[in-house]
Amino acid sequence: MSSDGQFPTRDNCNPADPEEAFLWMLVGLPGLKGAPLLLPIQHLRAVSRRLWDCGARPAEDPVIKYRPPRVGDPHWLVSPGTWTDINDPDPEDIFDIRQFVAELPLRQRQQLAAALGLTGSVPDEPPEPMLPVMTPVSGEATVSNESPEGFDPTRRGVKAVLAYLRRADPDERERVLAVERHFGKARPAILSRYQDA
């Protein structure tokens, strides 16, 4: 890496330091798959020094620039990044969480929903902040096997879900179908009967 420990880029590598002058050029080499660096950084620093000792010096301005992998790129965790024309505009690095979640496999969406404590759909806009509700503390406790958020179709069979949906009001039906569609198994036997919802 550059002398300050950052990922090597043209901006943070010293062109007068033999171990950094070419270091940024050795990122995302052609044909490289799996990661941005072919060798550990210590070896790449030695390659930069070898090029320097052989008489190479950065003399011209580059005509290409390196783009590190972005969050939305395929395999962004292990992508080598890309080199592009120096005049190409940089894309906006905006992460679309809705697209990311929509592209997750069903099981991972269920795990994400469980981790976030969600059993319904996420609203388009955040809810208005609520003031805390002050209620008196009761000495009595109740126990129930039902989820406190309401009916959870991911824990029920098709017949039970269909029976519940027949009795549910339109808002509750929409909530249960959203859970089934996005966090459940997306069972056609249920969803095909309520395609308009």
Side-chain angles (χ1 to χ4, degrees), residues 1-118 120-129 177-186 191 195:
M1 296 189 188
S2 65
S3 59
D4 58 2
Q6 296 179 357
F7 185 83
T9 64
R10 184 173 183 228
D11 295 333
N12 65 18
C13 287
N14 181 356
D17 181 348
E19 291 190 358
E20 291 184 17
F22 300 100
L23 186 59
W24 64 274
M25 297 177 198
L26 302 173
V27 171
L29 293 171
L32 188 60
K33 294 186 185 329
L37 300 174
L38 176 65
L39 298 167
I41 202 72
Q42 297 83 358
H43 295 289
L44 294 177
R45 292 177 75 86
V47 171
S48 179
R49 174 167 285 289
R50 173 61 56 91
L51 291 170
W52 183 276
D53 291 345
C54 288
R57 299 290 186 273
E60 299 290 328
D61 287 334
V63 294
I64 58 174
K65 63 182 175 182
Y66 177 72
R67 279 195 187 143
R70 298 180 330 146
V71 172
D73 290 344
H75 306 294
W76 65 274
L77 287 173
V78 294
S79 174
T82 58
W83 285 87
T84 184
D85 188 270
I86 194 81
N87 297 318
D88 284 352
D90 290 329
E92 292 184 37
D93 199 13
I94 297 174
F95 181 64
D96 185 355
I97 189 70
R98 291 181 184 273
Q99 179 182 354
F100 173 76
V101 172
E103 292 173 356
L104 287 175
L106 176 62
R107 184 70 187 137
Q108 290 178 347
R109 285 193 312 234
Q110 291 171 331
Q111 291 171 345
L112 177 62
L116 295 174
L118 300 175
S121 60
V122 178
D124 290 335
E125 295 182 16
E128 292 292 322
L177 289 171
V179 172
E180 175 69 26
R181 190 176 296 116
H182 298 292
F183 301 115
K185 299 174 184 172
L191 299 177
Q195 291 178 352

A.B. asks: Quick one: does Glu20's side chain have a donor or acceptor within less than 3.5 Å of a partner on Asn14's backbone?
C.D. replies: yes
A.B. asks: Do Trp24 and Phe7 have side chains that get closer than 4.5 Å, going by heavy atoms?
C.D. replies: no
A.B. asks: Does any part of the side chain of Pro62, heavy atoms only, come nearer than 4.5 Å to the side chain of Arg10, both counted from C-beta?
C.D. replies: yes
A.B. asks: Mind checking whether Leu191 and Leu177 have side chains closer than 4.5 Å, heavy atoms only?
C.D. replies: yes
A.B. asks: Calculate, to the nearest 0.5 Å, the distance between atoms CZ and CZ belonging to Arg109 and Arg181 respectively.
C.D. replies: 11.0 Å
A.B. asks: Under 3.5 Å, is there a donor-acceptor pair linking the side chains of Arg107 and Gln110?
C.D. replies: yes
A.B. asks: Can you find a pair of side-chain heavy atoms, one from Thr84 and one from Ile64, that are under 4.5 Å apart?
C.D. replies: no
A.B. asks: Carefully, step by step, assess Arg67 and Asp88 under the rule side chain to side chain contact (heavy atoms under 4.5 Å, CB included).
C.D. replies: CA-CA 11 Å; Arg67 279 195 187 143; Asp88 284 352; 3.5 Å; yes
A.B. asks: Please tabulate, for the side chains in residues 52-59, all donor-acceptor contacts under 3.5 angstrom to protein atoms that are two or more places apart in sequence or on a different chain.
C.D. replies:
from: Arg57; atom 1: NH1; to: Trp52; atom 2: O; distance (Å): 2.7

A.B. asks: Is the closest side-chain heavy-atom distance between Leu23 and Ile41 below 4.5 Å?
C.D. replies: yes
A.B. asks: To the nearest 0.5 angstrom, please state how far the SG atom of Cys13 sits from the CZ atom of Arg45.
C.D. replies: 8.0 Å
A.B. asks: Can a salt bridge be assigned to the pair Asp17 and Arg49 using a cut-off of 4.0 Å between side-chain N and carboxylate O?
C.D. replies: no
A.B. asks: Taking all non-hydrogen atoms of both residues into account, name the closest pair between Leu39 and Leu44 and its distance.
C.D. replies: O-CD1, 3.6 Å
